[in-house]
Amino acid sequence: MKSENNLLEEIVSLSKRKGFVFQSSEIYGGLNGFFDYGPLGVELRKNIKDAWWEDMVRRRDDVIGLDSSIIMNPKIWKASGHIDGFTDPMVDCKESKMRYRADQLFAAEVLVDGESLGWVSLLESENMQSVAQEQAENKKRKESKQGELQDLILKPYDELTDNEQLLVPSPATGKVGSLTPPREFNMMFETHVGALRDGSSKCYLRPETAQGIFANFKNIVDTGRVKVPFGIAQIGKAFRNEITPRNFIFRSREFEQMEIEYFIPPGESEWQRHHQEWINVRKSWFSSIGLTKDCLGEEVHPQNKLAHYARACTDITYKFPFGEHELEGIAARGNFDLTQHQEHSGKSLEYFDENLKEKYLPHVIEPSLGVDRTFLAVLCSAFSVDEIDGEKRTVLRFHPRVAPIKAGIFPLVKNKPELVEVAKKLYERLQRKWNVVYDQSGAIGRRYRRIDESGVPFGITVDFESLEGDGSFTVRDRDSTEQVRMSEEELLLHMDERINP
RNA sequence: GCGGGCAUAGUUUAGUGGUAAAACCCCAGCCUUCCAAGCUGGUGUCCUCGGUUCGAUCCCGAGUGCCCGCACCA
């Protein structure tokens with residue numbers, strides 16, 4: 001475990017040293033849960049987003065794009081359930097320092113012949129009714145009461161009155177009076193639109209991009225020449241006031257999502273088929289951009305843990321240095337969202353299906369992932385330390401498609417103007433196609449190591465043979481460190497094949 | 001939110017109640033014909049604010065951030 005944490009620390013410090021990720025507002029002492037992406041980070045992010053957009057939108061006939069605003073009419077969040085449901089009332093036990101979600105903590109009053117013996121409390125579970133019954137009987141026995149125990153009515157803690165809450169014992173200690181009242185955490189950031197800061201101007205920073213898609217469903221259907229099944233894709237920032245941001249950029253308060261809402265006809269077999277298809281598509285996409293296959297996994301949400309409207313949800317997970325966690329959630333959401341927006345907006349969102357000759361609210365499969373989590377997984381997969389001739393080498397083995405810098409171009413030595421001139425010319429040509437760097441400082445080996453740490457897949461050196469002979473260059477492979485001679489045309493083809501597979 | 005630990009150069013880390021060090025990295029120059037060679041020079045609000053003190057990077061308090069554990073993650 002310790003060495004695994006060190007691995008994350010090494011990645012964090014490399015990220016800073018090479019300009020991938022900085023802590024936000026660092027010169028002011030930082031701000032918990034926010035990050036800035038430096039010169040290399042912004043390129044890597046862009047490449048990840050571009051790869052997703054290319055593969056999920058441009059190369060598919062059934063998915064189109066959208067870019068909706070971050071701040072939207074707050075009624076959207078009422079309809080989606082985020083204003084009411086995106087809160088977790090929490091209860092703390094002051095004595096045991098345990099914390100519970102108020103809606104998962106249940107309590108019931110123990111009544112014997114109408115007389116109250118106090119309350120019992122327990123955490124939500126499948127057999128909580130019988131556990132509570134047992135507790136109540138113990139209580140009755142302890143107080144040696146005769147008479148009939150009345151049926152227990154279990155209620156979640158947040159639905160009790162203030163006075164009732166005071167009587168509930170802590171499930172940890174069994175003592176009354178150590179639980180705090182439920183405290184609300186709404187994870188949505190609030191802001192105000194317009195000059196006046198009264199209630200009517202209150203708006204939210206979106207906690208997910210998905211609702212912007214649902215809100216535009218009618219626009220897309222009316223203008224996009226689409227037929228179910230089809231998807232709407234969006235990449236954009238989202239904001240959640242997380243209680244505890246942790247693990248570097250894995251859980252932050254400002255993050256970027258890549259989401260698709262894939263609309264399908266109603267019907268049990270339809271969603272089952274599409275859900276499985278998307279799981280397969282998404283999982284193979286992750287390995288196509290260079291995530292270590294052995295680190296990828298799936299986690300199927302158990303039926304009793306699903307949101308009430310969801311049919312199924314499968315996470316694609318990644319084994320990070322700090323544990324296996326969700327990269328992407330692929331949810332079958334039924335037609336919950338469109339139903340809600342139709343109801344709250346008063347506008348019909350029904351779709352007329354020409355094949356089935358019927359009107360319906362389409363159901364939806366939602367593959368939703370975080371750019372930043374993918375970024376971190378790409379970084380973790382790429383990071384490695386190996387040894388060359390007894391020397392340690394840190395190398396980021398990015399897939400060429402996502403590598404922030406595609407090639408380094410070097411004159412073998414810098415005090416020979418002929419070499420410098422040819423190298424600069426080649427640099428300018430490659431620059432028009434890709435993000436490449438020119439470097440002439442230090443010995444050639446140092447320059448190779450320098451680009452290894454930035455994850456540059458190709459090192460191209462202009463030497464004397466390039467001037468005199470056939471004009472070929474030395475092309476050095478980052479992973480194997482092997483060198484091959486290539487002409488300029490061969491080089492362009494070689495790079496293009498690997499960068500755009 | 002709770003408990004514990006930590007905060008010194010870009011990075012990793014020494015160190016001290018009396019003007020702060022090393023290694024590596026980075027930048028410039030010289031040199032260099034293929035995997036971190038060498039030489040010269042350069043780069044510092046000791047996290048912030050307050051207190052104690054003649055004097056605080058060091059001691060004390062508060063804050064902020066990071067790490068670990070618990071809890072949480074519609």
Side-chain angles (χ1 to χ4, degrees), chain A residues 1-2 4-6 8-10 12-19 22-34 38 77 80-104 172 180 183 185-188 207-208 240-248 250-251 253 305-310 313 322 325-326 329 331 387-395 410-416 419 440-453 459-467 473-478 480-483 485:
Chain A
M1 189 65 193
K2 193 172 180 202
E4 286 176 344
N5 290 329
N6 288 347
L8 184 66
E9 272 167 36
E10 266 186 77
V12 171
S13 80
L14 180 70
S15 290
K16 175 163 190 193
R17 187 152 42 87
K18 301 306 281 188
F22 305 121
Q23 191 182 16
S24 167
S25 332
E26 195 183 277
I27 61 169
Y28 288 100
L31 185 62
N32 194 350
F34 295 90
W77 306 111
S80 70
H82 285 83
I83 287 179
D84 301 322
F86 208 64
T87 66
D88 295 314
M90 306 297 304
V91 179
D92 289 312
C93 169
K94 285 179 281 193
E95 198 154 320
S96 66
K97 305 296 180 200
M98 297 292 280
R99 166 176 288 181
Y100 309 99
R101 265 175 56 181
D103 58 339
Q104 291 178 357
T180 64
R183 283 178 284 188
F185 295 98
N186 192 299
M187 289 175 130
M188 283 197 292
E208 61 174 34
R240 292 182 193 182
N241 198 1
E242 297 283 357
I243 299 166
T244 314
R246 274 278 165 100
N247 294 328
F248 196 34
F250 181 79
R251 181 179 295 124
R253 290 181 165 135
K305 278 200 164 178
L306 291 173
H308 62 94
Y309 50 80
C313 186
F322 46 86
H325 294 284
E326 173 191 355
E387 228 178 274
I388 296 177
D389 301 331
E391 294 263 16
K392 267 198 171 177
R393 174 178 83 136
T394 302
V395 52
F410 316 123
L412 184 58
V413 291
K414 73 174 164 187
N415 61 355
K416 295 285 188 292
L419 291 179
Q440 59 175 32
S441 82
I444 189 69
R446 174 181 292 274
R447 284 176 268 164
Y448 286 148
R449 298 298 176 82
R450 208 179 271 149
I451 63 169
D452 287 339
E453 275 203 329
I460 303 155
T461 301
V462 175
D463 55 23
F464 293 95
E465 227 178 304
S466 313
L467 303 178
F473 311 111
T474 300
V475 180
R476 180 256 195 189
D477 180 82
R478 173 197 63 201
S480 65
T481 75
E482 273 166 24
Q483 307 187 77
R485 295 204 72 87

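Here is the naming used below: chain letters follow the sequence lines, and residue numbers restart at 1 for every chain. A quick note: this is a predicted structure, and the numbers were derived from the prediction, not measured.
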Quick one: label A/E26 by what it contacts on the DNA or RNA (base, sugar-phosphate, nothing), any heavy atom closer than 4.0 Å. nothing
Base, sugar-phosphate alone, or nothing: which one does A/T481 contact when heavy atoms must sit under 4.0 Å apart? base
Same-atom distance (P) from B/U13 to B/C6, integer angstrom: 14 Å
For B/C30, take OP1 and OP2 only and decide whether either is under 4.0 Å from a side-chain N or O of A/N415. no
How far, in whole Å, is B/C66 from B/C24 if one measures between their C1' atoms? 23 Å
Could you tell me how far B/A28 sits from B/U43 if I compare only their P atoms? Round to whole Å. 16 Å
Specify the separation, in whole Å, of atom NE2 of A/H325 and atom P of B/C72. 14 Å
Base, sugar-phosphate, or nothing: which does A/L412 touch, judged by heavy atoms less than 4.0 Å apart? base
Between B/C72 and B/A56, how far is it from one P atom to the other, in whole Å? 47 Å
Classify A/K16 by what it touches in the nucleic acid, base, sugar-phosphate, or nothing, heavy-atom distance under 4.0 Å. sugar-phosphate
Output yes if the stacking criterion (under 5.5 Å between centres, under 30° between planes) is met for A/F464 over the base of B/U33, else no. yes
Does the side chain of A/R17 get closer than 4.0 angstrom to OP1 or OP2 of B/U12 through an N or O atom? no
Options B/U11, B/C27, B/C34, nucleotide nearest the side-chain atoms of A/S13: B/U11
How many angstroms lie between CG in A/L467 and NZ in A/K416, if you round to the nearest 0.5 Å? 11.0 Å
Taking N and O atoms by type only, does the side chain of A/T474 place a donor or acceptor under 3.5 Å from a partner on the base of B/C34? yes
Using only modelled atom types and a 3.5 angstrom limit, is any donor from either the side chain of A/R476 or the base of B/C35 paired with an acceptor on the other? yes
Contact class for A/R246 vs. all strands (heavy atom < 4.0 Å): base, sugar-phosphate, or nothing? base
Would you indicate, yes or no, if B/A36 has its OP1 or OP2 atom less than 4.0 angstrom from a side-chain nitrogen or oxygen of A/R393? no
If I pick the C1' atom on B/U8 and the same atom on B/G15, what distance separates them, to the nearest angstrom? 9 Å
Sticking with atom P, work out how far B/U40 lies from B/U52, rounded to a whole angstrom. 48 Å
Nucleotide B/C35, atom C1' - distance to CD of A/E387 in whole Å: 14 Å
Say you pick atom C1' in B/C26 and the same atom in B/C2; how far apart are they, in whole Å? 42 Å
C1' gap between B/C60 and B/A23, integer Å: 34 Å
Counterpart base for B/U64, defined by Watson-Crick or G-U wobble contacts under 3.5 Å: B/A7
A/R449 side chain: which of B/C68, B/U33, B/A36 is closest? B/A36
Please determine whether a side-chain nitrogen or oxygen atom of A/R446 lies at a distance below 4.0 Å from atom OP1 or OP2 of B/C26. yes
